[in-house]
There are 2 protein chains.
Amino acid sequence: MKKRGHAAQPSLSCSPSGSGESDLRPVEGEVADQELATLTKALGHPARVQIMRLLVRRETCVCGDIVDELPLAQSTVSQHLKVLKEAGLIKGEIDGPRVCYCVEPRTLRRLKSLVGSL
Amino acid sequence: MKKRGHAAQPSLSCSPSGSGESDLRPVEGEVADQELATLTKALGHPARVQIMRLLVRRETCVCGDIVDELPLAQSTVSQHLKVLKEAGLIKGEIDGPRVCYCVEPRTLRRLKSLVGSL
DNA sequence: TCTGCGTATCGTAATCTAACGATAGGCGGA
DNA sequence: TCCGCCTATCGTTAGATTACGATACGCAGA
């Protein structure tokens, strides 16, 4: 947990935008099943759950601090971030020398709908 | 999808009981994270999502018909059932010569709470 | 331009997963 | 008792996942 001292500025390049529009896609059927499987699979690892919690808690973006919060090597964390990003659960924006991650509210809402449909 | 002709009797040996009591366990923290990871991992496969849907749709138990509904070998389906059972998402009761599966409402509710806490 | 910091990617090894066929076990009916 | 059906388990193979260190890349400041 070594500090790096740049967590103060909340450069919210990715805003909590789009927190209102509803999702018209169906929550059942073959496509929805595949989607639910993909999303839950992406979330199906303790490290990735932890990352999601980090990003949800602080609503602003979180930059490289994520690595400091997990007991994993930098390259491993980067891979987990990639999995979440490919599933559409998070989004990464380049902010100068570093990258800022934040949740993708649309996808998270979608996941909740799909799980809720069970 | 070959029929086997015993889907008529709805022998509900596992009732939709316990659909009311609330869950007092926390939805955050290390234990909850691990739990969420385990549950989502168990659900993170199209075949298992499909099985869950089957069991949720018909509220009664579903016996061996599950194999007929999926394009997989019997042994493979049995393994997926085992994964879901070990995660606590479903329950299997022996009903004479066959086994009846049904969802475990408590765990399903728990999953929804955990996902909802994100 | 050069250096340093933060991140992604590569390469690799160990482990886990998914799928199948074959086989074992348990119960009910003949 | 024996036979047949249904399910679980075993053994195996191919492929995916997880983790790490090493390395490459890109941007800002000296």
Side-chain angles (χ1 to χ4, degrees), chain A residues 1-9 11 13-14 33-34 37-51 54-55 61-87 90-102, chain B residues 2-9 11 13-14 34 37-51 54-55 61-87 90-102:
Chain A
M1 307 278 188
K2 44 228 133 91
K3 300 231 175 94
R4 232 179 267 145
H6 50 66
Q9 67 265 34
S11 73
S13 37
C14 45
D33 285 3
Q34 179 61 56
T38 302
L39 291 177
T40 50
K41 183 177 184 182
L43 203 56
H45 190 286
R48 294 198 283 269
V49 170
Q50 225 173 321
I51 291 173
L54 276 174
L55 296 183
C61 310
V62 175
C63 307
D65 318 300
I66 300 174
V67 175
D68 300 338
E69 303 282 344
L70 301 184
L72 294 171
Q74 178 266 327
S75 57
T76 306
V77 173
S78 188
Q79 284 204 149
H80 284 304
L81 288 169
K82 189 181 178 186
V83 172
L84 290 171
K85 195 160 47 177
E86 283 177 351
I90 66 173
K91 177 172 51 175
E93 296 196 356
I94 296 171
D95 169 36
R98 39 187 167 275
V99 179
C100 285
Y101 286 101
C102 59
Chain B
K2 41 229 133 92
K3 301 229 176 93
R4 230 178 271 145
H6 50 68
Q9 67 265 34
S11 72
S13 37
C14 43
Q34 179 61 57
T38 302
L39 291 176
T40 50
K41 184 177 183 181
L43 203 56
H45 190 285
R48 293 197 285 269
V49 169
Q50 226 173 321
I51 291 173
L54 276 174
L55 297 183
C61 309
V62 176
C63 307
D65 318 301
I66 299 173
V67 175
D68 299 338
E69 302 281 345
L70 302 184
L72 294 171
Q74 179 266 327
S75 58
T76 306
V77 173
S78 187
Q79 284 205 151
H80 284 305
L81 289 168
K82 189 181 178 186
V83 171
L84 290 171
K85 195 160 48 177
E86 283 177 350
I90 67 174
K91 177 173 51 176
E93 297 196 354
I94 297 171
D95 170 35
R98 38 186 167 277
V99 180
C100 284
Y101 287 101
C102 59

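In the text below, chain A, chain B and the rest are named by the order of the sequence lines, each starting its count at 1. Because the structure is predicted, anything quoted here is derived from the model rather than measured.
- Shown here are the side-chain hydrogen bond (donor to acceptor under 3.5 Å, both in side chains) partners of Glu86(B), two or more places apart in sequence or in another chain: there are none.
- The CD1 atom of Ile51(B) sits 11 Å away from the P atom of dA18(C) (whole-angstrom rounding).
- To the nearest 0.5 Å, the span separating CD1 on Ile51(B) from CG on Asp33(A) amounts to 11.0 Å.
- Counting only residues at least two apart or in different chains, side chain to side chain donor-acceptor pair (under 3.5 Å) contacts with residues 70-81 of chain B comprise Arg48(B)-His80(B).
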Report each atom pair, protein N/O against N/O of nucleotides 27-29 of chain C, whose distance is under 3.5 angstrom.
none

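- The interatomic distance linking Ile90(A) (CD1) with dT7(C) (C1') rounds to 13 Å, in whole Å.
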Which protein N or O atoms sit under 3.5 Å from an N or O of nucleotides 8-13 of chain C?
from	atom 1	to	atom 2	distance (Å)
dA8(C)	OP1	Tyr101(A)	OH	2.3
dA8(C)	OP2	Ser78(A)	OG	3.0
dA8(C)	N7	Gln74(A)	NE2	2.8
dA8(C)	N6	Gln74(A)	OE1	3.1

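- Taking only side-chain nitrogens and oxygens, His45(B) comes nearer than 4.0 Å to OP1 or OP2 of dA19(C).
- Atom CG in Leu70(B) sits roughly 14 Å away from atom P in dA18(C) (whole-Å rounding).
- A pairwise comparison of heavy atoms in Ile90(A) and Leu81(A) identifies CD1-O, 3.6 Å as the closest pair.
- When all heavy atoms are compared, the tightest approach of Ala47(A) to Leu70(A) is O-CD1, 4.2 Å.
- Here the P atom of nucleotide dC5(C) and the CG atom of Asp65(A) are 16 Å apart, to the nearest Å.
- The shortest non-hydrogen separation linking Pro46(A) to Ala37(B) is N-CB, 3.5 Å.
- Rounded to an integer number of Å, the gap from CZ of Arg98(A) to C1' of dC25(D) is 17 Å.
- The structure places NZ of Lys41(B) at 10.0 Å from NZ of Lys41(A), a figure rounded to the nearest 0.5 Å.
- When each of Val99(B), Leu72(B), Val77(B) is paired with Ile66(B), the side chain to side chain contact (heavy atoms under 4.5 Å, CB included) condition holds for Val77(B) and for no other.
- Taking the side chain of Lys41(A) as heavy atoms from C-beta on, and the options dA16(D), dC20(D), dT18(D), the nearest nucleotide is dA16(D).
- The CD-P distance, from Glu86(B) to dA8(D), rounds to 12 Å in whole Å.
- Between dT17(C) and His80(B), no contact under 4.0 Å exists linking OP1 or OP2 to a side-chain N or O.
- Within the 4.0 Å cut-off from OP1 or OP2 of dT18(D), at least one side-chain nitrogen or oxygen of Arg48(A) is found.
- If you take CG of Asp95(A) and C1' of dA28(D), they are 12 Å apart, rounded to a whole angstrom.
- In this structure, His45(B) NE2 and Gln34(A) CD are separated by 9.0 Å, a value rounded to the nearest 0.5 Å.
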